[in-house]
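Contents: one structure, followed by commentary.
Counting starts at 1 for both ligands and their atoms, in listed order.
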Amino acid sequence: MYSLKPLVTAALLTVLSIPVIAQTKPLYNFQDLSHLYYKKQKDSLTKAWTVPAIYKDKATQKKYKEIWDERTSFFTGAIDGDNYIHDKEVYDYVDGIITEIVQANKALMPVKPMLLIDRSSSVNAYAIGNNIIAVNLGLIVFSRSKEELSLVIAHELSHNILTHPENAMKQRAEWLTSDEYQKSLNAVLDSKYERLTRLKKVIENYSFSRSKHQRYHESDADSLAIILLKKSNIAFKAGFFLRLDSADIVYQQPLKTPVKNYFVAYNLPFEDAWTKKRSKGLSSRAYNFKDTTGVSDSLKTHPDCVERYNKTRSQNVTATLTPIPANITDKANKMLIWNMYSNMSLTPCLYRILLEKDKGNTDAWYDFMFNNIISGLYYSDRELHRFNAIGVIQKEYISKDYYELQTMFEQIPREQLEQLCKQFHNAGFWQNMPSSEKALKSFLYTLALDPDNSTTKKSQAAKAFTTDNANSMYYELAKNFEKQ
Ligand SMILES: [Zn+2]
């Protein structure tokens with residue numbers, strides 16, 4: 001995943017708008033990106049991570065080392081690629097949960113695990129092994145209570161305690177150097193016919209035993225997680241699994257009012273025809289969005305949630321849940337939206353903003369992002385990659401409203417998109433916008449609307465931005481355009 005950066009300015013914005021959200025501190029700085037923030041830890045980790053010598057068989061040990069080193073380079077690559085950020089407030093909140101769990105379970109966790117915040121919007125967390133876990137922004141935004149978030153964290157901590165990541169590497173090394181695997185592979189190579197079918201069988205056998213193993217692991221991790229939580233006095237509710245089950249339906253939520261209204265609210269022109277698919281493809285005509293009340297289990301981020309719910313519901317605790325502080329959810333949501341934007345996933349990005357508006361959130365930062373999305377779309381059109389910027393999502397995952405917005409992004413004529421862009425630049429909300437947001441506005445203006453479309457011009461505009469906004473979350477985006 002290659003993504004972007006932070007928002008230093010949200011604070012000022014919220015003060016000026018109706019305080020739906022109390023006080024938001026600045027979003028992460030450019031310096032909080034993992035390639036900078038975790039550089040030292042990364043270097044020392046790389047040195048410390050040497051494969052244990054556990055196999056007498058040379059081939060197995062060699063394979064084990066290979067797999068072990070793959071994990072190290074995956075992890076260091078993720079740090080260098082800025083998959084992680086260190087926003088102090090959000091980090092401290094999540095890390096505080098870990099501290100609570102660790103202090104109540106010292107025998108199982110003598111050393112406090114290392115936490116990383118992953119910029120991904122996917123509702124997930126993961127255990128890397130070696131006492132490290134990562135929690136995605138998507139999970140923080142999705143979680144409704146501290147207890148719900150704690151369950152996922154405790155689950156990942158349990159994977160590490162039970163050395164599941166390490167065991168998986170061993171099993172792979174053992175399988176890939178086993179006689180059984182060699183034999184079945186040789187049989188494939190020796191056979192004159194149906195090599196592909198035979199090869200598929202070999203792979204299937206392995207992935208079947210793996211998934212069986214992993215399911216077993218999931219249930220072990222759940223059981224231990226519940227124990228860790230009980231000792232920490234953090235309430236467990238089996239219903240959290242059912243909530244996780246719905247993690248993939250964020251874009252299936254309908255909007256409160258038609259897509260058009262969100263544009264008209266800024267006095268922007270809007271034509272209904274933009275949202276109606278012009279092509280007469282069967283696929284678009286026959287589809288009934290009312291049927292999509294869920295996602296099939298095989299497509300889910302978290303399959304088997306119902307089973308996990310049934311297995312654990314007897315352990316339910318009656319307790320009042322602790323809401324996640326509004327400023328944490330707010331910051332995580334903004335960082336997530338900014339990162340989607342930087343990755344040019346424009347429709348999901350805007351849809352999240354519209355859902356926010358549906359909640360009554362009047363924070364002008366979202367208006368600012370709405371503008372950025374329209375400018376971004378026009379810029380992409382100018383660069384002839386509009387389609388890539390739309391971030392098309394399969395119908396199975398989206399609502400009718402989402403589909404209309406996506407269709408609008410596909411179909412709005414170039415001239416009218418330009419018009420939207422220009423009118424957005426004169427909208428009233430800019431008046432009280434902080435300086436770095438205004439600076440980004442003029443940078444995006446150059447990208448999208450400047451008559452001079454040369455790379456030199458863009459590079460100059462990028463430098464003008466980065467010079468004055470060296471700490472800004474937006475710096476990461478502008479930096480990409482500095483050298484052309
Ligand atoms: Zn798991």
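- Protein atoms that are N, O or S and lie under 2.8 Å from the Zn ion (ligand 1) are these: His155 NE2, His159 NE2, Glu218 OE1, Glu218 OE2.
- Between Tyr251 and Tyr397, the gap from one ring centroid to the other reaches at least 6.0 Å.
- Ring geometry for Trp365 against Phe368 counts as tilted: the plane angle lies between 30° and 60°, on a 0 to 90° scale.
- Checked against a 6.0 Å centroid threshold, the rings of Tyr84 and Tyr38 do not count as neighbours.
- Ion pairing between a basic and an acidic side chain is recognised when a charged N comes within 4.0 Å of a carboxylate O; Asp95 and Lys112 show such pairing.
- Salt bridge status for Lys300 with Asp248: absent, with no side-chain N to carboxylate O gap under 4.0 Å.
- In this view, His86 and Tyr37, Tyr91 satisfy the ring-ring contact (aromatic ring centres under 6.0 Å, His included) rule, not counting sequence neighbours.
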